Amino acid sequence: MTASIVGWAHTPFGKFDTETVESLVTRVANEALADAGIAASDVDEIVLGHFNAGFSPQDFTASLVLQADPHLRFKPATRVENACATGSAAVHQGLRAIAAGAAKIVLVVGVEQMTRTPGPEIGKNLLKASYLPEDGDTVGGFAGVFGKIASGYFQKYGDQSDALALIAAKNHKNGVANPFAQMRKDFGFEFCRAESEKNPFVAGPLKRTDCSLVSDGAAALVLADAEIAKGMSKSIGFRATAHAQDFLPMSKRDILQFEGCTVAWQRALEKAGISLSDLSFVETHDCFTVAELIEYEAMGLTPKGQGARAIKEGWTLKDGKLPVNPSGGLKAKGHPIGATGVSMHVMTAMQLAGQAPEGMQLKNAKLGGIFNMGGAAVANYVSVLEPLK
């Protein structure tokens, strides 16, 4: 690839009454530039990932990044959106600008503020990432959509409640060591497995511990072309990227297979010249635990219908053969829609630079995989990262 990550920034994810989309954006933009040691005047292009869909009254937000520094004025700035994969769409857009020779340094920011929105509206806003003619009346919003997916999976492959609880427990345990995570509490398998007043069923077989958190937060990256990256203090290169967009209606595909995820992984691994087993770890899109379960199969870790093996046999634990979501994933870290994909790239870059927080850092991480998904396996983005210096 022609670009590298040379700097980053990340706010904690959570509920922030004193923050706004603007304050979150300007904060991480300045911090990422400072981390890279790059002046705002040297930025050639800005890409903002912001889903919104009604979460923020302020739309047309690309120019808010300019508020970070007056030297960003008159720089090209574009907002991109691709549902829950909005952050990765922004990263990939920045990479394209560099690959095309249109920019040498790109500032990529992802942001969302969700918690100021009333609960019923949150569900309505998120449901806009599904096919409304078929799914618009789904009870429980997007959780209801994935509740249906989970029910279909259970019907075909048997009750997977143990596997879902193990995934939730794993990610919550991992999140304890992540200072950016919204939920830093090790709930354990028993709590995640049992229905209780604090862990009720939300949709179908999915309980509260199976669902990612409504969050506010932002993350940013500085991308630089290969020549500039050589002179930087750190450089995390893109070994490969891939994007596969699938049909929006679930009725037009086998929703239990996440075929777009499979295609994106296959393309990325082929471009990178590696196999899945060469990866040191993966940050994957666990908007719901059943999504991570199906993604085990879609990425090729297990055969179809056998995803439970990966978690039950410990493959995806931090000390397993392919750690998945050492950051705690969306489940523990939180899921501010537009920020998530950028966050996943930051978490992966930190691991590969040996700069992840104590307790979260994996030993000898050489290759990191990222899978970020928009909708129910509609927008599918994969990145493979490696440390260059």
Side-chain angles (χ1 to χ4, degrees), residues 8-16 18-33 43 45-69 72-73 75-97 106-117 121-130 142 180 182 212-223 243 245 285 287 330 333-346 370 372-375 378-379 381:
W8 53 75
H10 200 297
T11 70
F13 285 176
K15 186 179 187 295
F16 303 116
T18 59
E19 297 279 8
T20 64
V21 168
E22 181 177 336
S23 69
L24 290 166
V25 163
T26 56
R27 174 178 166 184
V28 293
N30 277 320
E31 290 179 357
L33 290 171
V43 172
E45 189 165 333
I46 299 161
V47 186
L48 174 69
H50 183 207
F51 175 65
N52 200 1
F55 287 117
S56 169
Q58 176 66 64
D59 218 326
F60 189 41
T61 45
S63 288
L64 291 181
V65 185
L66 276 59
Q67 304 288 77
D69 191 295
L72 295 176
R73 189 183 184 193
K75 306 285 186 183
T78 308
R79 171 188 161 194
V80 300
E81 184 280 318
N82 215 353
C84 300
T86 288
S88 286
V91 174
H92 285 212
Q93 186 76 6
L95 292 172
R96 286 193 184 93
V106 178
L107 174 61
V108 179
V109 180
V111 68
E112 211 72 58
Q113 184 167 50
M114 304 171 69
T115 66
R116 290 188 180 182
T117 304
E121 287 187 42
I122 291 174
K124 184 178 180 181
N125 290 349
L126 292 175
L127 202 54
K128 293 175 183 177
S130 63
F142 218 62
F180 303 105
Q182 181 172 351
S212 59
L213 301 160
V214 172
S215 309
D216 306 331
L221 297 171
V222 178
L223 302 176
H243 170 203
Q245 199 84 0
H285 195 97
C287 50
L330 285 57
K333 179 159 57 75
H335 184 23
I337 307 298
T340 287
V342 182
S343 167
M344 296 170 96
H345 284 79
V346 171
I370 299 164
N372 185 200
M373 177 175 76
V378 178
Y381 289 83

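None of these values were measured; they are calculated from a predicted model.
The backbone N or O of Val214 sits less than 3.5 Å from a side-chain atom of Gln182, completing a donor-acceptor pair. One N or O on the side chain of Lys128 and one on the backbone of Ala53 form a donor-acceptor pair closer than 3.5 Å. Looking only at distances, no side-chain donor or acceptor of Gln67 sits under 3.5 Å from a matching main-chain atom of Asp69. Within the 3.5 Å criterion, the main-chain N or O of Leu107 finds no donor-acceptor partner in the side chain of Glu45. Although no hydrogens or angles enter the test, the distance criterion places no donor-acceptor pair under 3.5 Å between the side chain of Ser88 and the main chain of Ala85. Thr86 places no side-chain N or O within donor-acceptor distance of the main-chain N or O of Gly338, the cut-off being under 3.5 Å. Remark: the backbone N or O of Ala68 is paired with a side-chain donor or acceptor of Asn30 at under 3.5 angstrom. Using modelled atom types, one side-chain atom of Thr26 and one backbone atom of Glu22 make a donor-acceptor pair closer than 3.5 Å. Using a distance-only test at 3.5 Å, with no hydrogens or angles considered, no donor-acceptor pair links the side chain of Thr61 to the main chain of Leu64. At distances below 3.5 Å, at least one donor-acceptor pair connects side-chain atoms of Glu112 with backbone N or O atoms of Phe51.
Closest heavy-atom contact between Asn125 and Thr117: ND2-CG2, 4.0 Å. Closest heavy-atom contact between Phe13 and Lys333: CB-O, 3.1 Å. The nearest pair of heavy atoms linking Ser215 to Gly334 is OG-CA, 3.2 Å.
For the pair Trp8/Val28, no side-chain contact is recorded, criterion being any heavy-atom separation below 4.5 Å from C-beta on.
Each of Val111, Val109, Asp59, Ile46 was compared with Arg79 under the side chain to side chain contact (heavy atoms under 4.5 Å, CB included) criterion, and only Asp59 meets it.
The aromatic rings of His285 and His335 sit perpendicular, their planes meeting at an angle over 60°, well past the 30° parallel limit.
No salt bridge links Asp216 with Arg116; every basic N to acidic carboxylate O contact stays at or beyond 4.0 Å.
Here the CD atom belonging to Gln58 is positioned 9.5 Å from the OG1 atom belonging to Thr20, to the nearest 0.5 angstrom.
Lys124 NZ: 12 or fewer foreign heavy atoms inside a 6.0 Å radius.
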